[in-house]
Participant: 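Before I ask anything, let me first share the structure, which is written out below as structure tokens.
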Amino acid sequence: MQLEGRPKFDGPSVRRLLSEVYGLEGEVEALPGERDLNVRVRVDGGRDGVLKISNGQEDESLLEGEQRLFEHLAMAPASLRSLCPGLRKTLAGESRTTYRGENGQEHWVRLVDFLPGRPLATVEGPKEALLHDLGRALGRLQVATSDFHHRAYERSIPWDLSQGRRVVEERRELLQGAVATSVGAWLELYDRFVAPRFGDLPRAWIHNDANDHNVLVDSERGRIVGLIDFGDALVGPRIAELAVGAAYGILDAPEPLDALEAITSGFHAERPLFRDEIETLYGLVGMRLCMSAAIAAEQVRARPQDPYLSVSQGAIERTLPRLLERPYPQGTSAVLAACDPGTGFVPRDVESTREVASRRERTIGPSVRLTYEEPLHVERAWSRWLFSPTGERFLDAYNNVPHVGHGHPRVAAAVARQMRRLCTNTRYHYRSLGLYAERLLATFPGSLDRCFLLSSASEANELALRLARTATGHRDIVVMEGAYHGHTTTLIDISPYKHGGPGGEGAPSWVGVVRQPDLYRGPHREGNPEAVENYLGDVDRALGRMEGEGRRPAAFLAETCPSVGGQHILPRGYLAGVYDRIRAAGGLCIADEVQTGLGRMGDAFYAFVEHGVVPDIVVLGKPIGNGHPLAAVITTRAIAEAFDTGMEFFATFGGNTVACEAGLAVLDVLEEEDLQVRAARVGDRLVSGFRELAERHPAIGDVRGRGLFLGVELVLDRDRRDPATDLASRVKNGMRSRGVLIGTDGLDDNVLKVRPPMPFDRGDAGTLLDTLDEVLTQASSGSLE
Ligand code: PMP
């Protein structure tokens with residue numbers, strides 16, 4: 001509704017109103033305001049107030065909404081209540097009333113508390129501590145209003161950040177000079193980084209105008225003491241509350257990103273941010289400044305004399321170019337830094353990579369290796385990105401440990417909460433142990449109904465071997481060539497990748513190694529109808545050797561999709577054939593699903609499902625705790641009972657209270673974010689993209705995998721299929737230097753390994769494919785170092 005400007009009352013008529021409606025006497029003084037007439041009232045012998053007089057045609061439901069809001073806030077915890085003005089009653093006991101002015105027009109009238117303090121905008125110098133406190137206040141407000149709703153706030157006003165893009169676009173021609181250029185540049189960043197994620201942002205009631213004139217501070221105590229002017233409140237993206245506060249908080253700050261970090265860390269401490277919020281915040285901060293510039297330009301044109309309209313414009317014109325000077329990802333890095341409770345907002349001295357590397361060299365055993373010719377120095381990560389201390393961003397298409405994404409706030413919060421509450425082990429009862437086991441077992445076929453929890457996949461594979469040996473009374477183990485199952489003494493013995501590689505001492509007599517059924521480069525290839533049978537013959541031979549020496553297998557232990565072996569998908573019928581043979585020889589079948597479990601394959605939660613087999617024991621590791629050490633052995637009741645020989649099984653950290661919370665949070669996030677389905681979709685996109693690249697790049701011999709478990713095998717010649725090991729290494733390093741992380745694996749280390757955190761999306765897939773295209777093109781022209 002277009003209203004006729006602000007209501008007009010002179011001093012005597014305001015005093016008369018006060019006396020008639022509230023029974024108060026005092027001095028009055030008009031305050032700045034855009035829409036209402038706001039009058040400060042110095043009440044004789046009482047608390048000061050602000051009289052708010054609105055146009056009588058103002059939407060009544062909004063006034064009712066505001067009244068409900070103040071009533072809601074009156075019930076909030078004291079630390080928040082004291083920051084928000086309370087609503088005073090009229091002599092008739094009403095929270096608002098109508099009043100007829102001199103000119104005969106009706107007006108709405110409310111009286112709220114006057115809050116002490118000076119506007120944050122008037123504070124000189126660094127304000128980080130105050131901004132941190134403001135972040136906390138806004139976070140507390142958000143928590144306290146999370147259950148507040150009034151339909152009047154479902155409204156559309158120009159200050160709605162959801163509409164920001166359109167609001168700015170519609171007024172763009174009013175902007176001139178440098179500010180027009182800055183706004184244009186920011187819109188481009190916004191379209192790239194924020195717009196695709198905007199739809200997913202959670203929404204709720206927000207104050208929506210924590211600008212530095214509406215935030216009151218006690219500068220001596222360095223505290224925020226008031227938040228005023230609820231006139232722009234609406235239901236909008238919850239993150240907009242912080243974005244607005246931050247937008248004005250960074251204006252003319254000596255270091256805008258430190259200011260952003262300060263306010264964000266305060267907010268996050270009270271109301272943890274969600275993934276999409278973290279990724280969009282910086283873009284929204286800039287967008288709010290663009291909106292302010294655009295709306296002010298329009299208002300100034302309409303009311304050139306009103307100084308209130310352009311209070312922030314000079315600072316915006318100075319600050320936007322400063323934000324644009326640095327690479328955009330640094331802004332998101334600052335937000336990430338703020339969400340790390342360990343570091344808070346205190347600006348840190350970044351140690352140089354050289355110092356970090358040299359300390360490592362002086363202290364860590366030399367067999368602990370780094371990846372990439374130019375190793376990565378990263379100090380934080382988010383979702384599928386890793387960040388260097390200087391804000392360089394790397395797209396992570398390789399690390400599977402942060403399964404639901406690096407630094408997922410839900411998992412981090414669950415772990416932190418439980419660390420404070422209780423850390424103990426399976427020798428005591430606690431709820432989360434059985435709960436997690438139950439949730440995990442529910443993802444398996446019914447016969448797999450017992451679970452042991454441990455802290456690493458190595459521990460889990462060790463236990464799996466013990467279970468198999470105890471249950472069968474046999475000792476021998478059959479494994480696949482190129483396999484890796486862990487770093488302990490026994491597991492090196494059963495990992496040909498280690499005992500058959502540099503420094504290895506070969507397989508011990510109790511280990512039978514069978515060929516990897518590689519249909520692309522192995523001895524029996526696709527197109528040969530006997531290929532699977534031939535590979536199974538290898539298993540028969542291994543079992544035959546064992547039997548000839550008077551022994552039988554305790555187990556066949558293999559990854560359902562060999563990963564270190566080269567990202568293979570086992571041919572149909574192979575696994576079922578092996579399981580039949582091993583079981584017939586008296587052994588058990590162990591599936592190492594460390595790499596493939598929890599939805600990574602897209603079409604199934606575990607890779608064995610797609611082979612129509614049910615293992616006797618399944619081993620899970622790394623990804624199930626999203627970085628928190630957690631691993632599991634899943635088995636049948638019969639095997640678990642056979643293992644109960646009288647000897648207690650106890651692993652101090654296995655299934656501890658914190659680990660169980662991490663595991664539960666991971667399962668929750670997988671479900672909530674529908675990550676398995678996403679993995680299937682993005683995986684399809686990647687496979688078809690790799691196949692398209694293969695049409696142009698003859699080095700791509702084979703593309704394989706499903707979901708987010710993928711391999712691209714590089715060869716020197718498509719007919720001979722000789723491994724392009726050196727090229728694979730150069731491609732991996734070339735990708736790294738262009739900001740995309742992949743690995744290499746395979747018996748000849750010539751398979752590009754793509755195995756990203758599960759939130760990897762289609763846009764990321766596009767980045768990966770484009771970069772690979774570029775790197776392969778350079779490699780073929782000889783210009784790739
Ligand atoms: N099994 C497989 C298939 C693995 O890939 C790994 C680790 N790469 C392990 C077991 C051992 O895991 P951890 O290092 O956590 O003990």
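Since the structure is predicted, the reported quantities are computational estimates derived from the model, not experimental observations. In each ligand, atom 1 is the first atom listed, and ligand 1 is the first ligand listed.
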Participant: Any Lys/Arg nitrogen of R541 or D538 sitting under 4.0 Å from an Asp/Glu carboxylate oxygen of the other?
Facilitator: yes
Participant: Less than 4.0 angstrom from a charged side-chain N to a carboxylate O is my criterion; do D748 and R521 meet it?
Facilitator: yes
Participant: Are R721 and E526 ion-paired here, with the side-chain N under 4.0 Å from a carboxylate O?
Facilitator: yes
Participant: List ligand 1 atoms under 4.0 Å from S458, heavy atoms only on the residue side.
Facilitator: 11 (C), 12 (O), 13 (P), 16 (O)
Participant: Ligand 1 and K622, any nitrogen or oxygen pair closer than 3.5 angstrom?
Facilitator: yes
Participant: Return the residue, atom name and 0.1 Å-rounded distance of the protein heavy atom closest to atom 15 (O) of ligand 1.
Facilitator: A457 N, 3.4 Å
Participant: Could you check atom 10 (C) of ligand 1 against the protein and tell me its nearest heavy-atom contact, residue, atom and distance included?
Facilitator: H485 O, 3.3 Å
Participant: Is the contact between N461 and ligand 1 made by the side chain, the backbone, both, or neither, using heavy atoms and a 4.0 Å cut-off?
Facilitator: side chain
Participant: Is the shortest distance from a Lys or Arg side-chain nitrogen in R410 or E672 to a carboxylate oxygen in the other one below 4.0 Å?
Facilitator: yes
Participant: Return yes or no for this condition: an N or O of Q595 is under 3.5 Å from an N or O of ligand 1.
Facilitator: yes
Participant: Under the 3.5 angstrom rule, does the side chain of D493 hit a backbone N or O of P508 as a donor-acceptor pair?
Facilitator: no
Participant: Over 60° means perpendicular and under 30° means parallel, so tell me whether F444 and Y606 are parallel, tilted or perpendicular.
Facilitator: parallel
Participant: Considering only protein heavy atoms, which is closest to atom 1 (N) of ligand 1, and at what distance to one decimal place?
Facilitator: D592 OD2, 2.7 Å
Participant: Any nitrogen or oxygen of E559 lying under 3.5 Å from a nitrogen or oxygen in ligand 1? Just yes or no.
Facilitator: no
